[in-house]
Amino acid sequence: MADDWTSDGKYILGNTGGGRAWLLEVASRRKTEFYDGVVLLGRFSPDERWITLTSVPIGSFIAPFQRGARIERGSLIRIGEEYFTEWSPDGTLVYGVVNRD
């Protein structure tokens with residue numbers, strides 16, 4: 001399942017049905033698993049220097065994004081319990097849904 005594309009259309013971010021995150025380089029059709037964890041949804045920041053990863057039931061994280069490089073757990077920055085995160089148009093904020101009353 002594809003979650004997001006880079007603005008130049010060269011990379012697609014997605015996950016398998018089991019939640020394994022992958023990155024596809026469109027030109028070469030090379031698909032790599034780029035994060036070792038369960039991911040429900042991922043999104044590129046508008047400048048494509050960051051990525052959000054939403055993992056259930058853990059929550060959401062941001063991490064630096066470098067094309068083709070794996071995201072290591074140590075580089076994750078927890079942003080909270082939010083799910084289905086989206087970047088603001090200028091990339092300075094991350095919005096999400098919290099499952100609480």
Side-chain angles (χ1 to χ4, degrees):
M1 175 175 165
D3 293 336
D4 206 3
W5 291 68
T6 55
S7 60
D8 60 9
K10 292 183 179 182
Y11 291 89
I12 301 172
L13 170 66
N15 67 71
T16 65
R20 306 301 290 182
W22 50 260
L23 185 69
L24 175 72
E25 184 179 14
V26 175
S28 67
R29 295 186 181 188
R30 191 179 96 200
K31 189 184 213 179
T32 57
E33 196 171 283
F34 81 107
Y35 174 69
D36 185 28
V38 177
V39 174
L40 176 63
L41 184 68
R43 293 280 189 242
F44 294 110
S45 64
D47 64 5
E48 296 170 359
R49 294 179 48 214
W50 294 89
I51 190 168
T52 60
L53 297 173
T54 300
S55 180
V56 175
I58 301 168
S60 293
F61 303 86
I62 60 172
F65 175 69
Q66 298 171 351
R67 294 174 185 236
R70 288 184 53 83
I71 293 176
E72 300 300 327
R73 287 182 189 258
S75 68
L76 296 176
I77 302 166
R78 185 174 170 82
I79 57 175
E81 298 174 12
E82 295 82 12
Y83 300 108
F84 308 109
T85 55
E86 293 290 340
W87 291 91
S88 64
D90 65 0
T92 59
L93 298 171
V94 177
Y95 299 93
V97 175
V98 178
N99 190 19
R100 288 191 237 167
D101 289 339

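What you see is a predicted model; the values in this text were computed from it and never measured. Numbers here are sequence positions counted from 1.
For the side chain to side chain donor-acceptor pair (under 3.5 Å) test, no residue two or more places apart in sequence or in another chain qualifies with Ser75. Here Phe61 pairs with nothing under the ring pair (Phe, Tyr, Trp, His ring centres under 6.0 Å) rule; sequence neighbours left out. Take Arg49 and apply the salt bridge (Lys or Arg N to Asp or Glu O under 4.0 Å) test, not counting sequence neighbours, and it matches Asp47. With sequence neighbours left out, Ser7 forms a side-chain contact (heavy atoms from CB on, under 4.5 Å) with Glu48.
A pairwise comparison of heavy atoms in Glu33 and Arg70 identifies O-NH1, 2.6 Å as the closest pair. When every heavy atom of Ser60 is checked against every heavy atom of Thr54, the shortest pair comes out as OG-OG1, 3.2 Å. Nearest heavy-atom pair, Leu76 versus Ala63, reported as atom, atom and distance to 0.1 Å: CD2-CB, 3.9 Å.
Distance check: Gln66 CD to Ile51 CD1 gives 11.5 Å after rounding to the nearest 0.5 Å. Atom CG of Asp4 is separated from atom OG1 of Thr52 by 8.0 Å, given to the nearest 0.5 angstrom.
Summarising the hydrophobic clusters (Ile, Leu, Val, Met, Phe, Trp, Tyr; side-chain heavy atoms under 4.5 Å, direct or chained), the residues clustered with Leu93 are Tyr95. Ile77 belongs to a hydrophobic cluster whose remaining members, ordered by chain and number, are Trp50, Ile62, Ile79, Trp87, Val94; membership requires side-chain heavy atoms of ILVMFWY residues under 4.5 Å apart, directly or through intermediates.
With hydrogens and angles disregarded, a donor-acceptor distance shorter than 3.5 Å links the side chain of Thr6 to the backbone of Tyr11.
Side-chain contact between Lys31 and Leu24 is present, with at least one heavy-atom pair separated by less than 4.5 Å.
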